[in-house]
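Some notes on the structure that comes next.
The basis for the numbers below is simple: all heavy atoms, side chains too, and nothing from hydrogens, waters or symmetry mates. Below, chains carry the letters A, B, ... as their sequence lines are ordered, and counting in each starts from 1.
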2 protein chains.
Amino acid sequence: MTAGLKSVSTTDRLFSLRRLMAEHNIDVYVVPSEDAHQSEYIAPVDARREFISGFSGSAGCAVITATKAALATDGRYFLQAEKELDSNWSLLKQGLQDVPTWQEWTLREAEGGKNVGVDASLISASQAKSLSEKLKSRKGGQLIGMDINLIDRVWGSNQPVRSKAQVRNLGLEFTGKRFEDKLTDIRKEIEKNKGSGLIVSMLDEIAWLFNLRGSDIPYNPVFFSYAFITETDAIFYIDSDKLTDSVRAHLGALVTLKPYDAIFNDLKSFSQAHVTSEKKVLVTSSASWALTKAVTGIADEDNNTTTTSNGTSSKLNTIKFAPIEFAKAVKNATEIEGMRMSHLRDGVAQIKYFAWLERKLSNPHNGDVGLDEVSAADQLERFRAEQENFAGLSFPTISSSGSNAAVIHYQPEKGTCASVVRDQIYLCDSGAQFFDGTTDSTRTVHYGTPSEFEIKAYTLVLKGHIAIARAVFPKGSSGYVLDILARQHLWREGLDYRHGTGHGVGSFLNVHEGPIGIGTRLQLSEVPLEVGMFISNEPGYYEDGKFGIRIESVVVVAEKSTRHQFGDKKYLGFETVTLVPMCKNLINVSLLDADEISWLNAYHNDVYEKTHKLINDDYTLAWLKRETAPL
Amino acid sequence: MTAGLKSVSTTDRLFSLRRLMAEHNIDVYVVPSEDAHQSEYIAPVDARREFISGFSGSAGCAVITATKAALATDGRYFLQAEKELDSNWSLLKQGLQDVPTWQEWTLREAEGGKNVGVDASLISASQAKSLSEKLKSRKGGQLIGMDINLIDRVWGSNQPVRSKAQVRNLGLEFTGKRFEDKLTDIRKEIEKNKGSGLIVSMLDEIAWLFNLRGSDIPYNPVFFSYAFITETDAIFYIDSDKLTDSVRAHLGALVTLKPYDAIFNDLKSFSQAHVTSEKKVLVTSSASWALTKAVTGIADEDNNTTTTSNGTSSKLNTIKFAPIEFAKAVKNATEIEGMRMSHLRDGVAQIKYFAWLERKLSNPHNGDVGLDEVSAADQLERFRAEQENFAGLSFPTISSSGSNAAVIHYQPEKGTCASVVRDQIYLCDSGAQFFDGTTDSTRTVHYGTPSEFEIKAYTLVLKGHIAIARAVFPKGSSGYVLDILARQHLWREGLDYRHGTGHGVGSFLNVHEGPIGIGTRLQLSEVPLEVGMFISNEPGYYEDGKFGIRIESVVVVAEKSTRHQFGDKKYLGFETVTLVPMCKNLINVSLLDADEISWLNAYHNDVYEKTHKLINDDYTLAWLKRETAPL
């Protein structure tokens, strides 16, 4: 068995679940991977989809009927899901031709008037609406938004408990803006959009808004809570044990504190008292069905709403609205400087690590030095932990050797993971949380003799990475439009990768942050890139069972001074803030053009100039000098 | 005044129109530029928007109130509109920031319960629905779909008469598929989509379906008609004088002939008899509001329709459906060969022309030889007319010198047009109709000493042209995704162009053909490029008041054999079918990379190899040899 991935028997769990489904008159049960806040990364207590299916990847949806069970996930996780799912499950490879989406699979299974159940707090109102409408149009029955969670019942006393970790406030030296000023801005937006109030349900939005950080979800400095902002009130729904005196003092009289679950009853009474046809409650598109049900007072989204062309709902009491997501994505000057400084420190840690790794692998025993993927990742974490402002990792390190590097979101486990050896590609995707910023980068290295195809694939991926890094585009352009720049050289050879090219990155917040991205999802075309946004640039190539390549740096959107300014538009581009050398051993220089070579030399010069003063051992310094020397 | 464009006084026309508007209780009157078939190019009788506004460009919409008049058009026509509109009009430059669309302008003018009138046959049902909904949501009044046309009343006896030209059938050697087989295919599609019948209203779709061609609209071999296809009937609505015995024999017993206007009453009675909740009438998105009103029997689109997510209307009797547009866009083997052969002949004509032009301009009198833009275009037409299967031009030749080249859709007129001289850029965008295909290409030349900036701009445009020509992309990719390849090099310098990069091209049909395109309109992202589609590749750059550059060839989508086939997908690309040399005098070779140089040399070799045997005068042959010699 390949290292790090094992399958769990789900037979007993499915048996119990199906008994509960029968009791509740549910024919098809949907288990999303998200928590009540539509978080991508979740706390162990919320890992219901993993518990029932055995699949541990971060994205996917499980659907169970009386006789079948299906797990849908995307290209990043096909190999991992194949290894982790037992024979009770069939895998729906999302994005492949002729493979149904989980919604289509659900519709098919629900034909003939079946009841489809889902925990209403775990599905967004918009997803519930869309599924409910389709179920009805196919005469397939109805979607039932349940108040209880059947997986929790099956899990019982073995389910982990919810974190009680304390929340702390993040100083102005890191946030750059007082929460009072953020509240003022948000209230202006609410008024402009004719809202009577705004529900904030995404955990990173609440953390950003109040300048607070927590640790309820591994790798994500957030805490379980809701907020409801009106013209006069800012109500913060959170378990009171989590709040220190310092946080209470920070929030002061401007913020009303209430228990976490109190929001549902509050929304019901607020809606009855304050919602009119002129003034509605504003929600983000990720608000749960349970929240919008509390506002609208109606259980069945689809029959009671008509979304008009400008996104408002004429009969529903809510309007889709995402001012915080956008404000959070555009970093202020303090945050930009913090992101740059944290990437500098992170770069120093990674330079130390890769120098250490190469030396370690250059021993006489053919490069096999008893180093495994987990111990390598641990060493990297030690180098990071030495750095100032370090607050933990931003996601589990993907330390992957040889064929494991082809598993896009691979997670090595002690005991079963592979060795790191000189004569295989080693891909390391890692990042950290610092008080002043969040980092995320991938370098793929080979310290032995890579194959011709590995070199070619690395060089093509690098060409795509450079094309994004060098791109210049008029203000208003989206990451959807840029995506082809990263893929064009791979496509010419009939190669591609099954993941996006870039995701937004938070500032001491979630490593994946909306709304921007570079990729092939059409929604990305709606979000223009703005100066001050941070985004990853991470093309790749994966040869199943053999090797994987990804080259990822975080970049910041910046104005570019062009010779002309056609249409009086600003022209934008990126500045790469990740500072870790590329692997020259994997580059076929003859495949690079003059512009690409000069970009790479300038980048390596930048890495050297910025990091060398922070490196005090001669071996690492010599390694850095060699690795960043011009091609 | 710059050559070729003059403004007409619209004062009297607007006075008469406003009197009629008052009589009919219309506060805001919308005058689209299309005819009843949503044709882009129109017959003189349908040039109502031009008549009322004076603006002669092919795209735009006029809106008139009791005191104001606005003309909206896009970037191709800003300069032209500024020159042609008189002081009664304000110009709405579509696509510029903070400039309202004509719909937004109309909404603003209609505030406070005004009546907005439009000829229901000249606006598509979808546009009418969208405008009507917005008018209501802003309490702005209502959209009134009128049976009469107020502009025709103002125009009176001066309005040109509608063409009575005869229709002829196009042989299988040109169409490659019998119309009976096309009918069979369409009926399968209708059945698959649960239609009771399909309305065909686009003129090129009718011409394609029945393998007929006409001459009712200049440059477009189409004829005024409708068709209605059901399981058992194929009804062809056309004035019977247009049909020769040969056409009647060609259509045979399979097709029922009826008068042009009879479709409206037919649709009313058909709908009452045959439309059920299970079986509806299929229409394309370009069907006029007048047609859908006949089917639905209701005047007010917006209150009676709910478009569901899959595009069907639950209460309306119609479903959006475009099988002919797509089938027509994918050329069959006969059409592909015909398009190649017609582009070869067209290339020979253009090579003769540019060789002639250069010789003409190389005289001792400083290059000014009394040649003007119109006489140059006439000479080009003579060279084209010498070619086999020539059937006319496919659009008015854009023969433009110096600053006129910056007017993207410039049309020179005898007497006022500019001279063609050696020391200015000359841009010639032209095309022809041949019985076996439609051509469209642009070459920009300079036979004197171009400025450094002209050379740089030409080279950047050429780099974009080559990037599209060489692109390789997985099947399923759209022209929306490819567009950046054409613009990337211009963007780097802060340059851009305000038009699309490519449009579909018909086969002895309209030179602009849907549904594909390469460009920034988001709708293009919905249409993947398929093998056998022909599309133009035409990036440009325009310096207002100085010069313009466009490099346009027609390309055909073809499968590319790549070394790998990731995801078991086919990889596609283009083959350039236009065969006319680029202008080496305008190229800065040092700005081209090795791949671009080798593409250009291979293209020039292809031009030479295919055309030289068809050229029999020594001067042209020597010119061709020199112009196609490797860089």
Side-chain angles (χ1 to χ4, degrees), chain A residues 75 95-97 130 133-134 137 306 308-310 312 314 453 456-457 467 470-478 480-485 487-498 520 522 525-526 541-543 560-573 593-596, chain B residues 75 95-97 130 133-134 137 306 308-310 312 314 453 456-457 467 470-478 480-485 487-498 520 522 525-526 541-543 560-573 593-596:
Chain A
L96 295 200
Q97 227 175 349
S130 150
E133 276 176 1
K134 283 183 191 142
S137 75
T306 311
T308 63
S309 54
N310 59 5
T312 62
S314 54
F453 184 54
K456 179 160 195 177
R470 296 182 66 233
V472 177
F473 45 89
K475 187 172 151 65
S477 303
S478 75
Y480 182 82
V481 157
L482 300 182
D483 184 71
I484 189 175
L485 297 179
R487 293 179 205 267
Q488 57 183 332
H489 304 288
L490 288 162
W491 283 356
R492 192 169 295 287
E493 299 285 321
L495 303 176
D496 203 350
Y497 51 95
R498 288 200 187 96
T520 57
L522 194 55
S525 67
E526 294 161 17
Y541 174 71
Y542 310 91
E543 185 85 5
K560 293 283 169 187
S561 93
T562 49
R563 193 172 309 217
H564 309 273
Q565 293 218 309
F566 183 79
D568 294 326
K569 274 187 184 166
K570 289 201 166 99
Y571 284 78
L572 309 180
D593 67 24
D595 289 331
E596 290 162 343
Chain B
L96 295 201
Q97 229 174 347
S130 151
E133 276 175 1
K134 282 183 193 142
S137 74
T306 312
T308 63
S309 53
N310 58 7
T312 62
S314 54
F453 184 53
K456 179 159 194 177
R470 295 181 67 232
V472 177
F473 46 87
K475 186 172 151 68
S477 303
S478 74
Y480 183 81
V481 158
L482 299 182
D483 183 71
I484 188 176
L485 297 180
R487 293 180 204 266
Q488 56 184 333
H489 304 288
L490 287 163
W491 283 355
R492 193 170 295 287
E493 299 286 320
L495 304 176
D496 202 352
Y497 50 96
R498 288 200 186 95
T520 57
L522 194 55
S525 68
E526 293 162 17
Y541 174 70
Y542 310 91
E543 185 85 5
K560 292 285 169 185
S561 91
T562 48
R563 191 174 308 216
H564 309 273
Q565 294 218 309
F566 183 79
D568 293 328
K569 274 187 185 165
K570 288 199 166 105
Y571 284 79
L572 310 179
D593 68 25
D595 289 332
E596 289 162 345

Residue from B:Arg492, B:His489, B:Gln488 passing side-chain contact (heavy atoms from CB on, under 4.5 Å) with A:Val472: B:Arg492
Nearest 0.5 Å please: distance from the CG atom of B:Leu96 over to the NZ atom of A:Lys569. 8.5 Å
First locate atom OH of A:Tyr497, then atom CZ of B:Phe566, and finally report the distance between them rounded to the nearest 0.5 Å. 10.5 Å
Locate the shortest heavy-atom distance separating A:Ser477 from B:Trp491; write the atom from each residue and the value. OG-CH2, 4.3 Å
Reported CD-to-CG distance for the pair A:Gln97 and B:Asp568, which is rounded to 0.5 angstrom: 10.5 Å
Counting only heavy atoms not in A:Lys570, do more than 12 fall under 6.0 Å of its NZ? no
Which bit of A:Phe473 is near chain B, if near means a heavy-atom gap under 4.5 Å: side chain, backbone, both or neither? both
Is it the side chain or the backbone of A:Asp593 that comes within 4.5 Å of chain B heavy atoms, both, or neither? side chain
Shortest non-hydrogen contact from B:Val481 toward A:Ile484: O-CG2, 3.5 Å
Heaviest contributor of heavy-atom pairs below 4.5 Å to chain B, chosen from A:Leu522, A:Leu482, A:Asp496, is A:Asp496
Contact part of A:Lys475 toward chain B, heavy-atom cut-off under 4.5 Å: side chain, backbone, both or neither? neither
Working to the nearest 0.5 angstrom, can you tell me the gap between A:Thr562 OG1 and B:Leu495 CG? 8.0 Å
Between B:His564 and A:Phe453, is the gap from one ring center to the other below 6.0 Å? yes
Whatever's closer than 4.5 Å to a heavy atom in chain B on A:Gln565 counts as backbone
Side chain, backbone, both or neither of A:Arg470 within contact of chain B (heavy atoms, under 4.5 Å): both
Is A:Ala471 in contact with chain B via its backbone, its side chain, both, or neither, using a 4.5 Å heavy-atom distance? backbone
For A:Leu485, which atoms come within 4.5 Å of any heavy atom of chain B: side chain, backbone, both, or neither? side chain
Pair A:Tyr480 and B:Tyr480, ring centroids less than 6.0 Å apart: yes
Name the option with the most non-hydrogen atom pairs under 4.5 Å to chain A; the candidates are B:Glu543, B:Arg498, B:Glu526. B:Arg498
Which one, B:Ser525, B:Ala467, B:Ser130, B:Pro474, leads in non-hydrogen pairs under 4.5 Å with chain A? B:Pro474
